[in-house]
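See structure below.
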Amino acid sequence: MKRKGASDTRDWWKDGIVYQIYPRSFMDANGDGIGDLSGVISRLDYLNDGTPGSLGVDAIWFSPFYPSPMFDFGYDISDYKSIDPAYGTMADFDRLLVQAHKRGIKVILDFVPNHTSHLHPWFVESRNSRTNPKRDWYIWSAPSRPLKRRYTDGAEPPRRYRPNNWQSIFGGPAWTWDEKTQEYYYHHFLVEQPDVNWRNPELREAMYDQMRFWLDKGVDGFRLDVINFIFKDKLLRSNPYCIGRRPYDMQRHLYDKDLPENIEVVREMRRLVNSYGDRMLVGEIANDDPNEPARYYGNGTDGLNLSFYFHFANQPFCADSFGSAVAAWETAVPKAAWPVYFLSNHDRMRHIGRYHARNEARTLGRAQVAAMLLLTVRGTPFLYYGEEIGMANLSIKKKDLQDPVGIRYWPIPVGRDPERTPMQWDNSTSAGFSSAAGTWLPVNPDYKAVNVAAQADDPSSLFSFYRKIIWKRKESAALTRGTIEILRETPRGILAYLREYGDDRCLIVLSFSHEAVDFTPKDDGGPIGGRNRWRVLVSNRRDEADRLLSVTWNIKPLEATVFSYKK
Ligand code: NOJ
């Protein structure tokens with residue numbers, strides 16, 4: 001891969017590390033078994049108190065905490081400008097913002113532009129009558145052919161009357177019959193999450209108004225939920241069929257997502273946040289083709305600031321796969337834009353489970369390699385709460401399931417509860433997450449060993465490794481803003497890349513192998529090892545006093561090391 005550019009502007013969302021908090025599961029201050037904003041405030045020092053004893057992250061992204069009937073745990077919003085009582089009050093939020101900012105931690109909110117809750121007053125009005133002024137704020141359609149009678153009392157027209165073949169990603173048809181007005185409304189997700197109509201200028205303005213509310217309060221940006229879904233085909237054409245597992249996957253989604261109009265709205269949103277100064281937008285475009293998320297950067301300065309890259313998180317634990325995924329992303333991202341990486345979030349199995357090995361030591365090694373990769377490639381890293389202590393995916397009993405997707409498809413393990421269990425702080429009741437013994441999702445029973453308190457003073461713990469990398473990264477211009485060049489001709493199982501900024505040069509070597517491997521690092525000018533100039537900056541397998549005297553280095557199994565030198 002050719003060397004890719006450095007960043008010469010010092011934007012916090014480029015240099016920093018973002019930490020995702022799922023508010024229900026981070027910290028419960030009022031003892032009801034559900035996380036809350038006061039709980040988060042009490043743990044801000046853990047996230048960053050300005051010393052290397054804390055994790056050292058620079059921003060928090062909060063999954064939604066707005067009022068919601070919780071059919072999709074907050075991704076079904078019934079009021080964009082308020083706080084759900086389960087999480088606290090607006091006064092708590094204001095306190096949280098002040099306290100986070102005091103510590104230099106930026107605050108990014110989840111913004112859900114594609115749909116609202118069916119209980120949002122906009123939808124309640126919209127479904128009131130066909131002539132309601134808000135009717136067109138949602139996506140309504142008459143049956144595809146004239147009805148011979150009214151369908152009421154739970155009856156609905158036969159399937160062929162549906163406007164088209166679109167499916168809900170969570171299962172079932174995407175059209176739900178509305179008895180009162182004898183039309184269908186559209187929902188890409190749950191029946192309780194009707195999609196809004198971005199073609200309606202009033203709706204558009206209303207959405208921007210919700211964003212302004214939080215920007216005026218001083219939040220630092222938004223994560224845009226399924227931003228690639230917001231426009232649907234004007235003619236509501238049916239999708240062509242293809243081979244797939246579930247009905248949703250048996251269609252090529254030509255007409256219900258990824259429409260070119262989406263990017264226009266992103267541009268408008270960028271202009272809006274730019275008018276507030278130093279704010280940012282990060283967008284969710286879950287697509288394995290790197291060109292899709294890349295498109296949402298616009299020309300690199302007029303679209304999203306950061307666009308999530310799912311293909312990276314979909315890789316197996318393999319040097320070549322990750323190397324190719326990074327190279328593909330580097331090629332796709334516009335020159336003026338900045339990449340972003342994550343491995344875990346609230347919708348996917350935690351990566352420690354995906355990379356699980358035969359024994360604990362290897363699993364830890366793999367988690368260290370993954371952490372080093374995530375925190376040292378060129379781009380902004382997003383961490384998911386608990387990954388820094390190696391929280392695992394918990395298999396949840398049927399009776400404890402919460403996620404509608406998990407409930408619908410049980411026993412197929414596609415639900416998202418396993419990665420949403422309460423944060424494990426210590427070995428007391430409910431892992432120190434709550435004073436209540438019963439929590440909204442069960443605490444993983446491994447909390448006695450896997451918790452923050454147990455790992456904080458243990459230099460060999462995963463938490464210590466995360467902290468070490470994060471704090472070293474802050475001091476290194478090469479790691480935060482430098483160019484990247486992936487080395488060619490690496491032995492099997494080794495991924496190595498150079499990061500460079502001015503005088504500062506880092507060589508990151510990651511071994512995905514369970515064997516030791518000899519490696520002669522080379523760039524285009526030949527071998528770059530030896531000559532006593534490389535130092536170990538941070539490593540899970542080497543001492544900082546280690547000197548690399550020869551051109552060939554013996555890389556240990558599952559080694560993750562940053563070597564550095566100043567030119
Ligand atoms: C993506 C979110 O990450 C997911 O949790 C949610 O269920 C859907 N969008 C619908 O909002």
Side-chain angles (χ1 to χ4, degrees), residues 18 20-26 35 60-80 84 108-120 123 138-139 166-172 174 176 186-196 198 207 210 222-232 246 248 253 256-258 262 281-287 292-293 296 304 306-310 313-314 340 342-350 382-385 393 401-409 414-421 440-441:
V18 185
Q20 182 190 354
I21 287 184
Y22 197 69
R24 266 187 117 64
S25 290
F26 194 62
I60 304 171
W61 149 31
F62 286 98
S63 285
F65 45 51
Y66 318 102
S68 162
M70 302 289 167
F71 285 90
D72 191 17
F73 292 102
Y75 285 94
D76 49 329
I77 300 172
S78 55
D79 177 0
Y80 286 84
D84 193 279
I108 301 167
L109 303 195
D110 218 309
F111 189 70
V112 184
N114 181 68
H115 46 267
T116 67
S117 158
H118 65 313
L119 301 184
H120 193 292
F123 189 67
Y138 290 81
I139 300 179
W166 295 355
Q167 295 288 309
S168 154
I169 198 167
F170 286 164
T176 285
Y186 173 72
H187 49 91
H188 205 128
F189 295 87
L190 297 175
V191 174
E192 295 84 3
Q193 291 171 298
D195 282 39
V196 299
W198 275 89
M207 280 291 184
Q210 318 298 307
F222 298 103
R223 175 262 188 187
L224 302 174
D225 188 65
V226 290
I227 188 66
N228 58 326
F229 286 35
I230 59 176
F231 278 90
K232 347 281 162 188
R246 305 175 305 148
Y248 185 85
H253 292 275
D256 56 351
K257 66 188 198 83
D258 299 325
N262 298 337
L281 294 175
V282 55
E284 180 196 26
I285 297 103
N287 197 311
E292 278 304 309
Y296 288 77
L304 293 176
L306 300 173
S307 185
F308 282 136
Y309 178 43
F310 281 73
N314 290 340
V340 49
F342 71 96
L343 286 169
S344 291
N345 69 24
H346 63 296
D347 289 331
R348 51 182 35 245
M349 194 176 174
R350 288 174 177 274
F382 274 60
L383 310 183
Y384 183 51
Y385 83 93
N393 303 287
L401 289 178
Q402 299 287 335
D403 179 27
V405 182
I407 294 169
R408 181 177 184 117
Y409 287 103
V414 290
R416 301 164 295 177
D417 292 324
E419 60 267 25
R420 295 178 177 177
T421 59
W440 82 283
L441 273 176

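Along the sequence shown, the residues carry numbers beginning at 1. For ligands, and for the atoms within them, numbers begin at 1 and follow the listed sequence.
With a heavy-atom cut-off of 4.0 Å, Arg348 does not touch ligand 1 at all. Contact annotation for Tyr22 and ligand 1: no heavy atom of the residue comes within less than 4.0 Å of the ligand. At a heavy-atom distance under 4.0 Å, no atom of His188 approaches ligand 1.
The closest protein non-hydrogen atom to atom 3 (O) of ligand 1 is Asp347 OD2, 2.4 Å. Among all non-hydrogen protein atoms, the one lying nearest atom 6 (C) of ligand 1 is Asp72 OD2, 3.3 Å. Among protein heavy atoms, the minimum distance from atom 8 (C) of ligand 1 is reached at Phe189 CE2, 3.8 Å.
Here Phe342 and Phe310 bring their ring centres to under 6.0 angstrom of each other. Residues Tyr22 and Tyr384 place their aromatic rings such that the two centres sit no closer than 6.0 Å. The six-membered or imidazole ring of His346 lies near that of Tyr75, with a centre-to-centre distance under 6.0 Å.
Only one option out of Phe231, Tyr248, Trp166 pairs with His188 in a ring pair (Phe, Tyr, Trp, His ring centres under 6.0 Å); it is Tyr248.
Shown here are the side-chain hydrogen bond (donor to acceptor under 3.5 Å, both in side chains) partners of Arg24, two or more places apart in sequence or in another chain: Tyr87.
Each of the following atoms of ligand 1 lies closer than 4.0 Å to a heavy atom of Arg416: 4 (C), 5 (O), 6 (C), 7 (O). Distances below 4.0 Å separate heavy atoms of Arg420 from the following atoms of ligand 1: 5 (O). Distances below 4.0 Å separate heavy atoms of His115 from the following atoms of ligand 1: 10 (C), 11 (O).
With Ile77, Val112, Asn114, Asp225 as candidates, the residue nearest to atom 11 (O) of ligand 1 on a non-hydrogen basis is Asp225.
Listed by first then second residue, pairs satisfying salt bridge (Lys or Arg N to Asp or Glu O under 4.0 Å) with a partner in residues 65-75 read Asp72-Arg416, not counting sequence neighbours.
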field: Derivation of the ring-ring contact (aromatic ring centres under 6.0 Å, His included) call for Phe73 and Trp440
entry: CA-CA 11 Å; Phe73 292 102; Trp440 82 283; 5.1 Å; yes
